[in-house]
Protein chains: 2
Amino acid sequence: MTTRSDKSFSRRERPAKPALSREWIVATAVALMRREGLERVTMRRLARELDTGPASLYVYVANTAELHAAVLDELLGEVDLGPVQAQAEADWRDRLVRILFSYTAVLFEHPGLARSALVTRPSGRHYLDLLEALLALLAEGGVPGGRAAWGVDVLLQMATATAAEQSTRYAAPDAQEEMDALMAAVRGASDRTHPQLRALSEELFSGPGKARLDWGFRALINGIQQTARPDRR
Amino acid sequence: MTTRSDKSFSRRERPAKPALSREWIVATAVALMRREGLERVTMRRLARELDTGPASLYVYVANTAELHAAVLDELLGEVDLGPVQAQAEADWRDRLVRILFSYTAVLFEHPGLARSALVTRPSGRHYLDLLEALLALLAEGGVPGGRAAWGVDVLLQMATATAAEQSTRYAAPDAQEEMDALMAAVRGASDRTHPQLRALSEELFSGPGKARLDWGFRALINGIQQTARPDRR
DNA sequence: ACCTGAACACCGTTCAAGT
DNA sequence: ACCTGAACACCGTTCAAGT
């Protein structure tokens, strides 16, 4: 299903092989990921794409994890931060949730990137912009600074973890089997040993993923707002 | 650093190579993980451990993901569910948090297992026991069933995601560099474009991980208790 | 039915040698 | 300084052939 290139060049027009640079490597990695997914963005595959040997990349990139982190930084530019602006119809919570959904959607589109996002702690410009937007909305809602500072972390963690599990599940062929196995196990549990599980067996699997995530964000936002940080000593 | 074996057998005592079976494969995989970490539990390495070729394992295990899921199910038996029992000094929230910390600790001890737990949705006996315990404590706290059913999912997700990021960070050599990079970026942000970030730059990185996770659990529990589920139509 | 050797198609990373 | 060929030490999975 891979198409070689959308444009074709006559021999005369064909651009010269560009010099290696960190920027060019990352840009090529992003393009490769859009075409074939993050799992194909390996040092060897990327080197082939750049018409060189894998060893050459190590001049500009420390290892595969750093490469994936750079790709993530790039993608974060697609998150829609528009809802930071005050809007007549929507209160700060709704706008906060909207940004979190946009962030989730970006990770969702690129299975594998979410898993690397859980582990990578980006520090690029786009990530800072995202943090600033979330903090601004929490401040607008009157959430004390200390709670907001710890809160953005867990909000982004919920979004990232959800994208990681959903996107992997979506790609995995045995996703449904796994879910079926859990549902069967819950329904088959004994009423004597697992009464709660039996009573809630339908509720546990109810609702579309989107509604559950929306509720999760709102529950967490409410908790952040109302839960005091521990005393420091 | 790998030692061949703790015990040594005379030729006469040396146990015969046991017949392959799913149980034996999983048990060997768990032992291998305890000795060398999950990253060494590959089909090829495990086959070598079992004195056979990798192809033989595929008779009993569909693929590497399923193998790792089986190992996880096994490990979940170590979670301390003791706090489900009513206790004079501690209310349901404290006991709930204690179980969640025990779960986190188990995953924490085995870097890599947490990452696979995020994606694998176990359905074994130990996982059901864990769900039952969490639901029982939420019921004791008077949390409506629908909220509890959706709540256990996000609570376990927070625990799993935290274990996944922390344990990876701990193992990764550039963990501190990454953190330093983010701290430097935040402190270097412009007061005009990122006022919230600048104002909270110290708070964002404050506190030991344990205190932050404890606060996160409590915030989420409070939110679960107080946030209504969306109307169904 | 169960087991396996060998093969296919890959990996990340290092290092000595070149320009 | 930058770049690279070749090597080292691995992967997951399949399949034809054996017992």
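Throughout, a chain's letter reflects where its sequence line sits, starting with A, and its residues are numbered from 1.
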Peer 1: Would you mind listing every side-chain hydrogen bond (donor to acceptor under 3.5 Å, both in side chains) that reaches into residues 64-82 of chain B, with sequence neighbours excluded?
Peer 2: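 For residues 64-82 of chain B, and leaving out neighbouring residues, the side-chain hydrogen bond (donor to acceptor under 3.5 Å, both in side chains) pairs sorted by first residue read B/Arg22-B/Glu66, B/Arg34-B/Glu78.
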Peer 1: Let me know the distance between CG of A/Leu57 and P of D/dG5, rounded to the nearest Å.
Peer 2: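 After rounding, the gap between these two atoms is 12 Å.
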Peer 1: Can you check the A/Tyr60 OH to D/dC2 P distance for me, whole Å?
Peer 2: 6 Å
Peer 1: With sequence neighbours left out, what residues match A/Glu109 under side-chain hydrogen bond (donor to acceptor under 3.5 Å, both in side chains)?
Peer 2: none
Peer 1: Would you please name every residue forming a side-chain hydrogen bond (donor to acceptor under 3.5 Å, both in side chains) with B/Gln196, sequence neighbours left out?
Peer 2: none
Peer 1: By salt bridge (Lys or Arg N to Asp or Glu O under 4.0 Å), which residues pair with B/Arg44, not counting sequence neighbours?
Peer 2: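 B/Arg44 satisfies salt bridge (Lys or Arg N to Asp or Glu O under 4.0 Å) with no other residue.
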Peer 1: Does any donor atom in the side chain of A/Gln157 or B/Glu165 lie under 3.5 Å from an acceptor atom in the other side chain?
Peer 2: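 Yes, a side-chain donor-acceptor pair sits under 3.5 Å.
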Peer 1: Taking only residues two or more places apart in sequence, or in another chain, which ones meet B/Thr160 in a side-chain hydrogen bond (donor to acceptor under 3.5 Å, both in side chains)?
Peer 2: B/Tyr103
Peer 1: Using the P atoms only, state how far D/dC8 lies from C/dA9, rounded to an integer number of Å.
Peer 2: 23 Å
Peer 1: Along nucleotides 8-15 of chain C, 5' to 3', which nucleotides get a B, which get an S, and which get a -, given that the test is a protein heavy-atom distance under 4.0 Å?
Peer 2: ---BBBBB
Peer 1: Sequence neighbours left out, what passes salt bridge (Lys or Arg N to Asp or Glu O under 4.0 Å) with B/Arg198? Give chain and number order.
Peer 2: none
Peer 1: Check side-chain hydrogen bond (donor to acceptor under 3.5 Å, both in side chains) between B/Ser56 and all other residues, then give those that pass, not counting sequence neighbours.
Peer 2: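 In terms of side-chain hydrogen bond (donor to acceptor under 3.5 Å, both in side chains), with neighbours along the sequence ignored, B/Ser56 is linked to B/Thr52.
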Peer 1: How does DNA chain C look in dot-bracket form if you count Watson-Crick and G-U pairs under 3.5 Å, write [ ] for pairs that cross, and put | where a base pairs with another strand?
Peer 2: ||.|||||...|||||.||
